Number of protein chains: 2
Amino acid sequence: MLKYILLGFIWQKPSTGYELKQVLDNSTGYFWHAYHSQIYTTLRKLEQDGLITTHIKNGNDHLTRRICRITPTGQDELLEWLNDPLMETSKMKEDLLVRVFFSGVRSTPEVEAELRLQRKLHEQRLEEYLDLADQDDDALCSNPPEVPAAELGEFYQAAILQFGVAYEKMYLNWLDSLITELEKV
Amino acid sequence: MLKYILLGFIWQKPSTGYELKQVLDNSTGYFWHAYHSQIYTTLRKLEQDGLITTHIKNGNDHLTRRICRITPTGQDELLEWLNDPLMETSKMKEDLLVRVFFSGVRSTPEVEAELRLQRKLHEQRLEEYLDLADQDDDALCSNPPEVPAAELGEFYQAAILQFGVAYEKMYLNWLDSLITELEKV
DNA sequence: GTCTGCATGTAAACAGTTACATGATTGA
DNA sequence: TCAATCATGTAACTGTTTACATGCAGAC
């Protein structure tokens, strides 16, 4: 999966591993996290498979940057993957749900404290998403859409943000009602 | 993580690997999937670490079953894990979001078709959750709660189901509004 | 002088998936 | 006879995480 995310971003703009890590952390990273170690090893593999080419660029400073560019083969591979539709739902892995599921043996105040901490974290996450949405709105106002293809990409990316917002709101509502019910006990 | 799920279920009731697979598929499997291969290897590891004991039981039939029981060490390990609260949100991995994110290069009808398929799958999933919730309601009516500890466990498990329902409703709403907006284009 | 950011990687360990493998019973 | 269910496992592979490793520049 990370393979396709990297191809997608490199196609949009030739990038270094470091840049890919940054861009991931502020966009797809919210629903597909990756450590820099995995990014660099995946990039090496993409290069070996001929899906990207890389070349080292020494700037006027001491730093060595390795810029990755997508090859036509890489573009084909990404398009092929996109055109092969998902036939199942993806498998959710939610640590908190597992913990709550087996929390019958725990003391209620401890569970409550954990839920409140999660509430705080999800509230922060919601704020981040809303900030990102505001930035997008500003960008759309100052740069009126010109290229239709790029516009469609932005439309999808905005839709993803809306998912994030809806998800966090749902999560907060669920935590709130669970906390309220626990307080009654 | 699977380690703790298995310990949790074995504590509730000594079970075989096969039974654990069944029970997982119809409860925690919705938010923490595992293949039988992983279940069996994890059980062997739990045994080696002294967290469970197993003994082979030959029934009146040809079948060989290996029943797993939790040890006091295993109980301690699970309690310790539960009492160490989660300090971050868990990392979401949603294949569909990645695909939509990079769908600017795809033809709109193809994206729409994929979204409609996902809509169907999530609708089915919601139905499954609602059926499970109905079963729970029935069970609560016919078996009035007697043991408070067990009752608390059921309360948490019902809360998890409510999460599942809220999640699928949110997902369906998001898919619907995305499909509607795509149709306008 | 120590911490943060830039920038790159490798190695080892752990988790998860797919495929292989066996063998009896029951129902269509 | 063919497929499904019960019941167990191993092997190989892929993906993910944690830890190790380096080194300069600029701020405090």
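The structure displayed is predicted, hence computed values, not measured ones. Below, all heavy atoms of this structure are taken into account, side chains as well, without hydrogens, waters or symmetry copies. So you know, we letter chains A, B, ... as the sequences are listed, proteins then strands, and number each from 1.
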Would you please confirm or rule out a distance under 4.0 Å between OP1 or OP2 of [N] and any side-chain N or O of [X]?
| X | N | answer |
| --- | --- | --- |
| R66(B) | dG9(D) | yes |
| K3(B) | dA15(C) | no |
| Y40(B) | dG9(D) | no |
| R44(A) | dG9(C) | yes |

Within a strict 4.5 Å, meaning less than it, do heavy atoms of the I39(A) and L6(A) side chains meet? yes
Which whole-number value in Å describes the distance from [X] [atom1] to [N] [atom2]?
| X | N | atom1 | atom2 | result |
| --- | --- | --- | --- | --- |
| D25(B) | dC6(D) | CG | C1' | 14 Å |
| I39(B) | dA7(D) | CD1 | P | 14 Å |
| H55(B) | dT8(D) | NE2 | P | 12 Å |
| R65(B) | dT8(D) | CZ | P | 8 Å |
| K93(B) | dG15(D) | NZ | P | 11 Å |
| K45(A) | dT10(C) | NZ | P | 15 Å |
| Q48(A) | dT10(C) | CD | C1' | 14 Å |
| L6(A) | dT16(D) | CG | C1' | 14 Å |

Closest heavy-atom contact between S90(A) and D95(B)? CB-OD1, 3.0 Å
N/O-N/O pairs, protein side and nucleotides 18-20 of chain D side, under 3.5 Å:
unit_1: dT18(D); atom_1: OP2; unit_2: Y35(A); atom_2: OH; d: 2.6
unit_1: dT18(D); atom_1: O4; unit_2: S37(A); atom_2: OG; d: 2.7

Quick one about T41(A) and R44(A) (side-chain donor to acceptor, distance below 3.5 Å, no hydrogens or angles considered), yes or no? no
Go through the structure and list residues passing salt bridge (Lys or Arg N to Asp or Glu O under 4.0 Å) with E77(B), not counting sequence neighbours.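 For E77(B), the residues satisfying salt bridge (Lys or Arg N to Asp or Glu O under 4.0 Å) (neighbours in sequence not counted) are K3(B).
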Quick one: bend of the helix from dG1(C)-dC28(D) to dA28(C)-dT1(D) from 5 pairs per end, to 10°? 30°
Less than 4.0 angstrom from a charged side-chain N to a carboxylate O is my criterion; do E19(A) and R65(A) meet it?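 Salt bridge absent between E19(A) and R65(A).
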Cation-aromatic face contact R99(B)/W81(A), 6.0 Å, 45 degrees: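 Checked: cation-pi criterion met.
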Would Y171(A) and Y167(B) count as a close aromatic pair, with their ring centres under 6.0 Å? no
For the pair [X] and [Y], name the ring-plane relationship: parallel under 30°, tilted 30 to 60°, perpendicular over 60°.
| X | Y | answer |
| --- | --- | --- |
| Y35(A) | H33(A) | perpendicular |
| F9(B) | F102(A) | perpendicular |
| Y40(A) | H36(A) | perpendicular |

Only pairs at least two apart or in different chains count here, so list each side-chain hydrogen bond (donor to acceptor under 3.5 Å, both in side chains) that has a residue in residues 4-18 of chain B. none
Going by ring-ring contact (aromatic ring centres under 6.0 Å, His included), name the residues that satisfy it together with Y30(B), two or more places apart in sequence or in a different chain.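 Applying ring-ring contact (aromatic ring centres under 6.0 Å, His included) to Y30(B) gives Y129(B).
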Residue whose closest nucleotide on DNA chain D lies nearer the 5' end, T41(A) versus T41(B):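 Looking at the nearest nucleotide for each, T41(B) comes out on the 5' side.
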Could you check W32(A) against I67(B) and say which one's nearest nucleotide on DNA chain D is further toward the 5' end?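 Nearest nucleotide further toward 5': that of I67(B).
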Within residues 14-24 of chain B: residues closer than 4.0 Å to DNA chain D (heavy atoms):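 Hits under 4.0 Å, by residue number: T16(B), G17(B), Y18(B).
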